[in-house]
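Computed over heavy atoms, backbone and side chain alike; hydrogens, waters and symmetry mates excluded.
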Amino acid sequence: MAKPEAPNNGNSRDFDIDSLLESAGLVGSSDAAPDESEAGTRVKSATAPKEGGSAFDQSEAGQTLLAGLTQAAGYSSEEEMLVMLAEKLGMEFIRMKDYEIDPNVVSAFPAAAAHYYAVFPIKWEDGALVLAMADPTNIRAIDDIEQLVGHPVRGAVAREMDVIDLIDEYYGQVDTSIERILESINEEDINFEVREDDIGNLEKLANQPPIIKLVNLILLQAVKDRASDLHLEPFQESFRIRYRVDGALHETKPPPKQLWSALVSRIKVMSNMDISEYRMPQDGRIKVNISGREVDMRVSSLPTVCGESIVLRILDRQNAMVGLEQSGLTPENLTIIEKIIKRPNGILLVTGPTGSGKTTTLYGALQRIYNPELKIITVENPVEYEFKGVVQVNINPEVGLTFASCLRAILRQDPDVIMVGEIRDSETAQIAIEASLTGHLVLSTLHTNDAPSAVTRLTDMGVEPFLITSSVEAVVAQRLVRTICNRCKQPYTPSDDELYDLGVDREDVSGVTFYKGMGCDECNFSGYKGRLGIFEVFVLSQTIRDMVLARAPSSVIFQQAREEGMLTMREDGWKKIVLGLTTIEEVVRETQE
């Protein structure tokens with residue numbers, strides 16, 4: 001956001017500070033962190049620029065928030081600006097250097113709260129604890145801290161860097177390791193018996209501070225590690241917590257046995273599930289705000305012989321969307337897709353299993369064609385990326401808002417481009433085809449093993465072949481493979497078994513340099529960091545359309561596509577291996593033939 005211009009009359013005191021604060025997004029801000037006992041925990045280091053609390057970008061400006069506002073408003077010094085800000089906010093202005101820090105006041109205040117809210121305790125005055133605030137506009141933090149410490153709290157304005165320096169000096173760094181929190185939980189914290197049929201005890205346990213802190217940290221760790229899924233799995237004598245990062249599951253330290261029911265119950269409470277129902281599967285959602293980022297989590301519970309298994313699908317909607325150029329498409333395939341998506345009508349399908357990056361590819365296509373002159377509407381379950389300028393709809397089957405019913409309404413909204421999260425039934429397929437035949441470009445996904453099989457899948461849904469040939473322009477099948485960590489990437493010689501699995505002889509790969517990651521702290525010693533797609537782009541030529549009309553088997557259609565130049569995902573993966581982007585192991589695992 002551009003900073004407001006300074007007043008031209010040279011008199012800084014005549015400047016309307018209320019307008020300045022409002023334009024900077026600081027008045028009436030609702031971005032304050034919620035109470036630490038709630039799901040919306042935002043944990044961050046006070047030494048880092050605050051995220052989400054202001055429209056002023058500290059990292060780009062290279063200065064503190066209030067220093068930036070000082071310059072924007074034309075004040076002669078930051079202190080002058082702070083004094084005026086304190087007056088407007090009804091707070092006291094404190095010069096930290098004028099105060100002798102009372103160790104008793106500091107030690108009585110929670111270190112985690114100081115780091116979490118970027119505040120520092122100064123003194124007791126009239127029965128209230130006075131806190132110097134790095135962000136004095138974060139009014140909700142006062143209410144949160146009052147609930148946390150159990151007595152009145154009053155905010156004060158101070159230099160942001162003074163507050164942060166004192167937090168670092170007196171409280172040090174916050175230990176946010178799951179292992180340390182588990183070590184801190186003892187029998188006194190969980191001092192009553194828990195039975196599955198005793199709902200009162202389960203609710204009480206789920207709301208114990210150690211459990212709340214542990215669950216919040218588990219969720220935070222998942223987001224920080226860029227995990228796509230979080231698994232909590234009960235077994236006879238153990239409980240396993242695993243994060244799926246870059247497609248692979250990684251295990252973390254499990255909680256002690258007495259916490260199993262508490263963890264599951266806490267997550268069920270957060271996701272509005274029925275805590276008393278443990279015999280039937282349930283679905284729920286958790287919305288959290290972590291470091292100013294809104295993150296949605298789809299929660300699924302499944303009763304097993306050893307208890308309830310919980311899986312959370314993590315959807316960080318503020319993750320940067322990946323453009324088609326960065327997705328892994330070769331220049332040839334990119335040209336084909338660009339040609340399709342620039343047409344005024346037709347259907348482009350992206351196929352693959354859950355978690356293969358289909359939605360990311362579709363959003364990359366939308367980025368490519370986005371134009372303010374186009375009306376673009378997406379219908380998803382749920383919306384995974386925020387896209388300004390695009391109308392996005394969340395499916396809600398509980399109230400009858402299904403893909404099919406939403407598509408009917410969308411067609412009355414005068415769209416140019418429609419993105420459907422998934423075609424999963426004949427009704428949705430029929431409406432999508434109808435939309436393409438009436439002058440709309442439709443982007444959607446299917447679940448098939450390869451691109452030509454999409455034709456068979458639509459036929460199985462009851463779509464007539466002549467409708468398929470009249471509307472579907474191309475199908476893109478894809479998988480995600482992990483990319484080699486650049487920090488520990490080294491050349492190596494593959495074994496004969498690896499080459500055999502890939503389907504090549506050693507003579508065929510002479511002159512090719514193979515790479516793999518040796519493992520380092522950057523990639524958590526996995527040898528991989530990040531993922532990219534391998535693709536199979538299937539274009540319906542006239543010959544293939546005739547075969548579809550004749551209801552030819554998918555294997556015959558596949559062979560014809562190969563003769564017309566379609567590369568399989570295995571062949572596309574080979575190109576990534578030659579470029580040193582991924583490994584034989586990854587390509588073979590995702591393209592078993």
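Judged by distance alone, the side chains of Tyr528 and Thr582 never bring a donor and an acceptor atom under 3.5 Å apart. Counting only N and O atoms by type, the side chains of Thr438 and His440 include a donor and acceptor under 3.5 Å apart. Inspection of the Gln478 and Thr361 side chains reveals an N or O donor paired with an N or O acceptor under 3.5 Å.
Residues forming a salt bridge (Lys or Arg N to Asp or Glu O under 4.0 Å) with Arg589 (at least two apart in sequence, or on another chain): Glu586. Remark: Phe235 pairs with no residue by the ring-ring contact (aromatic ring centres under 6.0 Å, His included) rule, at least two apart or across chains. Remark: Asp246 pairs with Arg226 by the salt bridge (Lys or Arg N to Asp or Glu O under 4.0 Å) rule, at least two apart or across chains. Under the side-chain hydrogen bond (donor to acceptor under 3.5 Å, both in side chains) criterion, His447 pairs with Glu422, not counting sequence neighbours. In this view, Asn272 satisfies the side-chain hydrogen bond (donor to acceptor under 3.5 Å, both in side chains) rule with no residue, not counting sequence neighbours. When the side-chain hydrogen bond (donor to acceptor under 3.5 Å, both in side chains) test is applied to Thr469, no partner is found at least two apart in sequence or on another chain. Glu338 pairs by the salt bridge (Lys or Arg N to Asp or Glu O under 4.0 Å) definition with Arg368, not counting sequence neighbours. Shown here are the salt bridge (Lys or Arg N to Asp or Glu O under 4.0 Å) partners of Glu536, two or more places apart in sequence or in another chain: there are none. With sequence neighbours left out, the ring-ring contact (aromatic ring centres under 6.0 Å, His included) criterion links Trp574 to no other residue.
Within a 6.0 Å radius of CG in Asp414, no more than 12 heavy atoms belonging to other residues, nucleotides or ligands are found. Atom CD of Glu563 sits in a crowded spot, with more than 12 heavy atoms from other residues, nucleotides or ligands closer than 6.0 Å. For Asp225, the CG atom sits in a packed shell: over 12 heavy atoms of surrounding residues, nucleotides or ligands are nearer than 6.0 Å.
Pro353 places a side-chain heavy atom less than 4.5 Å from the side chain of Arg479. Between Thr378 and Leu362, the closest side-chain pair of non-hydrogen atoms is not below 4.5 Å. Counting heavy atoms from C-beta on, the side chains of Thr543 and Glu564 come closer than 4.5 Å. Pro281 has its side chain within reach of Pro303: a pair of non-hydrogen atoms, C-beta onward, lies under 4.5 Å apart. Contact check for Met297 versus Leu219: side-chain heavy atoms found under the 4.5 Å cut-off. Residues Arg298 and Leu315 form a side-chain contact, since some pair of their non-hydrogen atoms from C-beta on lies under 4.5 Å apart. At least one side-chain heavy atom of Glu233 sits less than 4.5 Å from a side-chain heavy atom of Arg242. Side-chain contact between Val379 and Leu401 is absent, with no heavy atoms from C-beta onward closer than 4.5 Å.
Listed by first and then second residue, the salt bridge (Lys or Arg N to Asp or Glu O under 4.0 Å) pairs that reach into residues 346-366 come to none, sequence neighbours excluded. A salt bridge (Lys or Arg N to Asp or Glu O under 4.0 Å) check over residues 439-466, counting only residues at least two apart or in different chains, returns the pairs Glu464-Arg551.
Taking each heavy atom of Pro234 and Ser309 in turn, the nearest pair found is CD-CA, 3.8 Å. Here the closest non-hydrogen pair linking Leu549 and Phe466 is CD2-CA, 3.5 Å.
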If you look only at distance, which donor and acceptor atoms sit under 3.5 Å apart when one is on a side chain in residues 339-352 and the other is two or more places apart or in another chain?
| from | atom 1 | to | atom 2 | distance (Å) |
| --- | --- | --- | --- | --- |
| Arg343 | NH1 | Glu473 | OE1 | 2.4 |
| Thr351 | OG1 | Thr448 | OG1 | 3.1 |

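Under 4.0 Å is where a charged nitrogen must lie from a carboxylate oxygen, and between Arg562 and Glu571 at least one such pair does.
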